[in-house]
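Reading through the structure tokens given below for one structure.
All values below come from the heavy atoms of this structure, side chains included, with hydrogens, waters and symmetry mates left out. All of these numbers come straight from a predicted model, not from anything done at the bench.
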Amino acid sequence: MFVLGIETSCDETSLAVVRDGKKVLANVIASQNRVHQKFGGVVPELASRAHVEVIDSLFLKALRDSKITSREISLIAVTASPGLKGSLLIGSTFGRALSFASHIPLTEVNHLCAHLAANFLIEKDIKFPAVGLVVSGGHTNLFCLESRSKMKILGETLDDAAGEVFDKVARVLNLEYPGGPSLEKVAKKGDPLAIKFPCAYLGKKSLDFSFSGIKTSVIYYVKKYGSSGDIADIAASFQKAVIKVLVEKVRRAVNLKKTKTLLLGGGVASNRVLRGEMKKFALAEGIDLFIPSPILCTDNAAMVASLGYYLYSQSDQT
Amino acid sequence: MEKRALILISKSPGETKRLGKKIGKLLLPGDTVALIGELGTGKTVFSKGIAQGLGIKRNLVRSPSFVLVKEYSGKIPLFHFDLYRLKRAEELNTLGYEEYFSGKGVVIIEWAEKAKNFLPEEYLKIELSFINENERKISLTVKGEDLKKRGILCQ
């Protein structure tokens, strides 16, 4: 079964064709950071018009890449929320029009759940229940997954998302955009134990996150001492504090749900230090850890198609 | 005409939030609050307070930096803007912002200085700045005659 995935929740416009929820046949992405030459120029951030301009050609390219015709599509999966309203609207309108005109069923998926579904795009066996952590520029959420199609939120950030504080701290340190990867690069040369920034755990049992305290503390540190000498140390220490919180919250969720499976997803999941720390944790606890490849950590439509496939097959059975 | 500002000192995020709550209780549908201040000065904390004052569930309000605007329903609906990621004010046009300014709810705008031309004539301006790691200077100014008549700052 061929599923067409559509993702336009934020800056990236992406269309994908995925077979049976697993095999990616096409996954085309047009973004501000990685502009595909073919479509020329930079896609302006936040402009839903940008999605409109590229969505048709991305659709045709996805069909060409996957060597199928639009008639072979059996299901359309589109991101319905959360995201920028105007941007989401472009994807869902495109999907609905195609669904209506070609008599193809359409299923709407949650963007955060789709980030975890990026892990389904591999052949490996995933045992459920599982705990899932979505970390990106806009979100930090813990999920419990009963199956590939059943996910429930366990916790979320009460203020800033993890990727958001990476970006904001990067800006304060005058690092170039996009802030997350620049900060990670600079942090490599720094000492993560140089400065102790406060980690907020919100009590012993909470599965929610709060990163604005770390953010403010770093900003104030830079204000007080300047950022000239030890940018690398500041970046490394900050990164360590955020990751420490993420690992601790995952530990709590895994213990609470008594599961041995952990899935990561979202843009920040491509951070190497985070990947490394999660691997260490998983190894020590005997947990099966799944992390998508960096390209599947970013916003993409393959993950949307995969989740759509499982949601649809599930609803079919009942 | 010179606008008089009320200047307060907040000693903690908790105090900033409580001040926001007090302000929130005095707001009416159609009111706009412009929040101005560097990263980490407590704009989102203040917004959380306003939301509490409006009767919106306590922990619901988050930083909207990523999505630019979040809507919350309470006794009075709240439209919480965050223009941090905005590069040019004109980008606001793509958000359909007019709909939010139509008077149905309270509008909070973080990083309001990025879109001065889009602000309504009447609004409450709140500027936050660092004194030290925990303390903040919070300056409140009322813009517009009708809003002044309500005497929000006197209360």
Contact part of B/Asn132 toward chain A, heavy-atom cut-off under 4.5 Å: side chain, backbone, both or neither? both

Within a reach of under 6.0 Å around CD of B/Glu133, are more than 12 heavy atoms found that belong to other residues, nucleotides or ligands? yes

Presence of salt bridge, B/Glu38 and A/Lys223, under 4.0 angstrom: yes

Based on non-hydrogen pairs under 4.5 Å, which of B/Val45, B/Thr44, B/Leu39 is most in contact with chain A? B/Leu39

Could you please state which residues from residues 211-221 of chain A sit under 4.5 angstrom from chain B, measuring non-hydrogen atom to non-hydrogen atom, sorted by number, or 'none'? A/Lys215, A/Thr216, A/Ser217, A/Ile219, A/Tyr220

Can you tell me how far OH of B/Tyr84 sits from CZ of A/Arg171, rounded to the nearest 0.5 angstrom? 4.0 Å

